[in-house]
Amino acid sequence: MENIIQNLLNGALMGCIYALIALGLSIVFGVMNVVNFAHGEFVMLSMYFTFAAGAYWVLDAVTTPLITFPLLFLFGWLTYYLLIDRTLRYRYVTQIAVTVGLAILLRAIAQMIWQAQPRALPYSMIQGNIQIGGINILTSRLIAAAVSVVAIFLVYLFLMKTWPGRAIRAASDDLDAASLAGVNYRQTYALSFGLGTALTALAGGLLMTFQQVDPTMGLRFGLLSWCVLALAGLGSVPGLLISGVIVGGAEALAMSVWDPRSRLLAVYLIFILVLWLRPRGLFGRK
Amino acid sequence: MPPEPILQISGLTKRFGNLIAVNDVSVRLEPGTIVGLIGPNGAGKTTLFNAITGLHTPDAGRVLFKGTDITGMLSHKICKLGMSRTFQVVKAFSILTVEDTVRVGAYNRHGEKEIQAKVDEVIAFCELEDFRRQKCGDLSLALLRRVELARAVATEPELLLLDEAGAGLTGTELDGLMAILTRLNREKGVTLCVVEHVMKMVMGLCQRIVVLDAGEVIAEGTPAEISDNPKVIEAYLGKRAVR
Amino acid sequence: MNTKQRTIKMLPLLVGLVVALIVPLIVGKNQYNMVLVTTVLFYGVLATAWNIIGGMAGQLDLAAWAYLGLGAFTSGTLLLRWNVTPWLGMILGGLVAAGFAALVGYPLFRFGVKEVWYALSSAALVEVLRVAFLMWDEVGGPVERYLPFHRASWYHMRFASYVPYYYIVLGLLLIALFVNYRISRSKLGYYLLALGESEDAAEVIGVDARACKLKALMIYAFIVGATGAVYACLFGFIHPSFFNTAQSTEVAILGIIGGMGIVYGPLLAAIILVSGREFMRANLGSSLESLYLAIYAVVLIVIALFRPQGIAPLFRKAYDWLLSRVVGERYAA
Ligand SMILES: Nc1ncnc2c1ncn2[C@@H]1O[C@H](COP(=O)(O)OP(=O)(O)OP(=O)(O)O)[C@@H](O)[C@H]1O
Ligand SMILES: [Mg+2]
């Protein structure tokens with residue numbers, strides 16, 4: 001029983017990171033209505049950057065977002081102008097084709113540089129366990145979850161209170177009205193895409209404190225973040241956090257009470273059920 | 001005793017969150033007539049059409065078509081019963097040619113054997129011969145509206161709902177459209193309900209006009225009655241115009 | 001259209017067929033080349049079948065290998081357990097795949113799951129099946145289950161060379177093309193193209209969108225499932241890794257690049273892209289393992305960005321140009 005609670009707790013903590021990843025996706029999809037199938041690969045890329053920074057410059061995973069965050073923002077910003085901007089006038093199918101192409105490209109590049117075997121950083125300054133009662137929690141996970149929650153909150157404030165944040169939300173409500181009101185949609189979109197991408201840098205850094213990375217990782221994170229987004233629905237940041245925790249918890253629960261191999265099964269079953277029963281998500285407003 | 005209505009809407013209500021887009025609307029359409037549905041922007045005309053044709057499920061109220069309750073029925077079934085429509089924002093089948101678009105509509109009542117004849121007839125009726133092999137994606141807005149009309153006509157409806165079929169058309173294009181609609185009504189006996197901002201078309205075509213404002217019916221009558229109705233002028237021009 | 005014009009239109013098909021028929025006579029000695037051409041045709045079948053649900057109905061299905069795997073496991077298990085010939089297994093595999101498609105598709109279409117969400121749920125389906133078959137020890141499990149090996153046995157669809165497989169896959173391809181062609185000329189085909197563009201507009205002129213999508217999905221699943229049975233025999237085993245998300249996505253990509261809704265488009269894309277990929281894989285192979293994937297990805301992005309209608313219209317234009325040069329404008333299609 002304690003074992004289950006412990007797993008559930010760890011899963012919920014992991015879920016906070018999922019929510020952080022999904023937040024980036026939800027900015028891109030919710031604001032721009034751009035379907036990004038490479039989001040998971042952005043996470044993978046961030047993890048490799050973290051690995052590289054850690055391995056070559058002996059940086060701690062926790063501190064690498066200082067470098068990778070701006071780097072990924074730039075990457076997202078460029079991706080927007082080079083690829084995404086051109087797809088806006090086509091149907092979503094073209095967007096999927098282009099972003100799937102991007103995903104394959106990133107995967108191939110990762111494979112060329114870092115080969116297929118998993119990579120991990122040898123240590124992080126956040127290590128060890130915390131004991132609460134009979135329950136064991138990885139410190140790194142706890143901190144990663146806490147940082148994720150804070151980051152989500154900060155992004156929430158940014159979207160609600162600052163001028164660029166408002167521009168992003170205005171663009172999400174109505175593209176025509178926003179561009180009439182003097183919001184330059186291109187800049188706003190590039191900003192949103194950059195921000196959405198940069199958030200994966202943070203997630204990547206946090207994940208690398210306790211995880212390894214391999215080139216196929218992107219697919220899993222991509223699907224996972226879409227699941228979280230489907231569960232939450234568009235337009236609710238707190239809902240995203242709750243959904244992330246649900247997904248993380250479900251994963252852990254399935255692993256501990258059903259079968260270790262069933263973790264993805266549980267997530268995808270939730271995903272498909274949500275699509276059937278609540279296409280707007282649990283907290284969605286549109 | 002008036003003839004049995006072809007469409008009878010009673011107490012129809014549609015909400016979007018807090019917004020009541022259509023509020024307790026009741027309307028009767030007599031068979032064989034042309035009825036205009038007018039109202040300022042956002043009055044709920046398109047929403048009313050959507051609720052009638054099964055694209056939205058109404059929150060309250062009933063829709064009877066030829067005596068059958070069609071409230072909440074799927075659109076294609078309603079079409080089989082004999083009602084079709086066009087869209088304000090054209091929804092073209094851009095990769096299909098004009099001919100094939102019409103064919104899609106014609107399959108509603110015809111099998112493979114008669115289909116070509118039906119397609120030819122409708123294309124001739126809607127005066128689209130010159131464009132029949134063109135892709136819809138390459139057509140101008142005026143032609144697209146015409147194709148949309150043609151594909152709806154091809155389903156052989158008894159009642160046709162037209163959502164701003166005249167919007168964005170030039171004077172001559174408008175005259176052409178009005179001629180087709182008149183023929184549709186006279187020769188084929190199709191009942192028409194037209195949502196229109198173009199007054200020339202409403203006044204020229206319709207025998208009766210229903211005015212919608214903020215989701216509610218505020219007036220109903222002949223074109224002459226409507227154009228003199230102070231409530232209507234107020235709805236369109238604001239309070240100050242009526243004095 | 002007179003007979004001469006019709007002949008000219010069908011000419012590329014005839015030439016293609018003749019070439020396809022004699023390819024094994026030319027490269028048949030070389031096993032590697034036979035694998036290559038069989039692979040190309042194999043993807044051709046999948047992409048052509050995908051055209052029905054993806055290209056015509058506009059539902060971006062990413063679950064090709066889910067249906068392929070179901071077909072493979074059905075036929076493979078029947079062969080292992082009850083010694084049922086894969087020739088029958090093909091049909092049964094197709095039926096199981098189509099039945100499963102109906103089971104999944106009905107609620108999806110009923111609840112209006114569309115566009116991205118349809119694509120994602122179909123991608124998730126592949127993963128669900130992969131894990132489910134990994135966990136289902138009676139028919140799946142983590143170890144490969146080898147089909148009984150008989151040297152050159154028609155009954156078991158096992159051959160010493162790739163040539164017979166090539167012809168079987170070619171047969172499937174012709175069936176897939178024929179089915180596609182027939183659908184594209186029928187009520188169902190027009191309905192699918194229409195609802196793929198706008199479901200609302202199609203519905204109000206009498207198209208039962210749900211039923212049509214479900215039919216399209218089932219036909220596609222049947223063809224892919226039957227192909228899966230052959231796939232199992234070709235490899236000689238069945239394994240949950242048959243449920244492969246990346247390869248499922250690739251099938252959809254071929255369909256998009258080829259030109260959505262154009263019967264021969266996906267096949268063209270498969271011929272060009274898959275053979276290009278396999279060629280690169282062979283020639284760049286050991287030294288730069290992933291370079292071919294990167295090049296492939298770039299080609300994909302460029303075509304998707306600059307030819308969103310796909311490459312089929314290009315070929316059409318080129319062919320028309322060629323015709324007008326050779327036989328004069330009059331007969332150009
Ligand atoms: N899908 C929807 N979701 C939320 N609100 C909607 C939706 N469709 C329409 N509305 C709102 O319902 C109200 C009525 O809109 P509707 O389109 O029916 O008006 P209309 O009379 O057709 O206007 P117009 O003349 O501009 O076409 C508007 O305030 C509109 O913003
Ligand atoms: Mg309207």
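Note on naming: letters A, B, ... go to the chains in the order of the sequence lines (proteins, then strands), and numbering restarts at 1 for each one.
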Non-hydrogen atoms of chain C under 4.5 Å away: do they reach the side chain of [X], the backbone, both or neither?
{"X": "A:V98", "answer": "both"}
{"X": "A:L82", "answer": "backbone"}
{"X": "A:I109", "answer": "neither"}
{"X": "A:L83", "answer": "both"}

Ignoring hydrogens, what is the shortest heavy-atom contact between A:G101 and C:A297? Give both atom names and the distance. O-CB, 3.3 Å

What closest approach, in Å, do C:L293 and A:A108 show between heavy atoms, and which atom pair accounts for it? CB-CB, 3.7 Å

Which answer fits [X], side chain, backbone, both or neither, if we ask what part of it has an atom under 4.5 Å from a heavy atom of chain A?
{"X": "C:A246", "answer": "side chain"}
{"X": "C:S121", "answer": "both"}
{"X": "C:F306", "answer": "side chain"}
{"X": "C:V128", "answer": "both"}
{"X": "C:I253", "answer": "side chain"}
{"X": "C:L254", "answer": "neither"}

Min side-chain heavy-atom separation [X]-[Y] under 4.5 Å:
{"X": "C:M135", "Y": "A:W258", "value": "yes"}
{"X": "A:R107", "Y": "C:S290", "value": "no"}
{"X": "C:L108", "Y": "A:W276", "value": "yes"}
{"X": "C:L120", "Y": "A:F37", "value": "yes"}
{"X": "C:L60", "Y": "A:Y92", "value": "yes"}
{"X": "A:L219", "Y": "C:E127", "value": "yes"}
{"X": "A:F29", "Y": "C:V116", "value": "yes"}

How about [X]: does its [atom1] atom have over 12 heavy atoms from other parts shown lying under 6.0 Å from it?
{"X": "C:F279", "atom1": "CZ", "value": "no"}
{"X": "C:R307", "atom1": "CZ", "value": "no"}
{"X": "C:W117", "atom1": "CH2", "value": "yes"}

[atom1] of [X] to [atom2] of [Y]: how many Å apart, nearest 0.5 Å?
{"X": "C:Q309", "Y": "A:T94", "atom1": "CD", "atom2": "OG1", "answer": "8.0 Å"}
{"X": "C:T249", "Y": "A:I104", "atom1": "OG1", "atom2": "CD1", "answer": "7.5 Å"}
{"X": "C:E115", "Y": "A:Q95", "atom1": "CD", "atom2": "CD", "answer": "10.0 Å"}

Under 4.5 Å, counting heavy-atom pairs only, tell me which of C:G112, C:P107, C:G54 racks up the most with chain A. C:P107

Leading residue by heavy atom contact count with chain C [cutoff under 4.5 Å; candidates A:D259, A:V267, A:I272]: A:D259

Using a 4.5 angstrom heavy-atom cutoff, name the option from A:V93, A:T87, A:L223 with the most pairs to chain C. A:V93

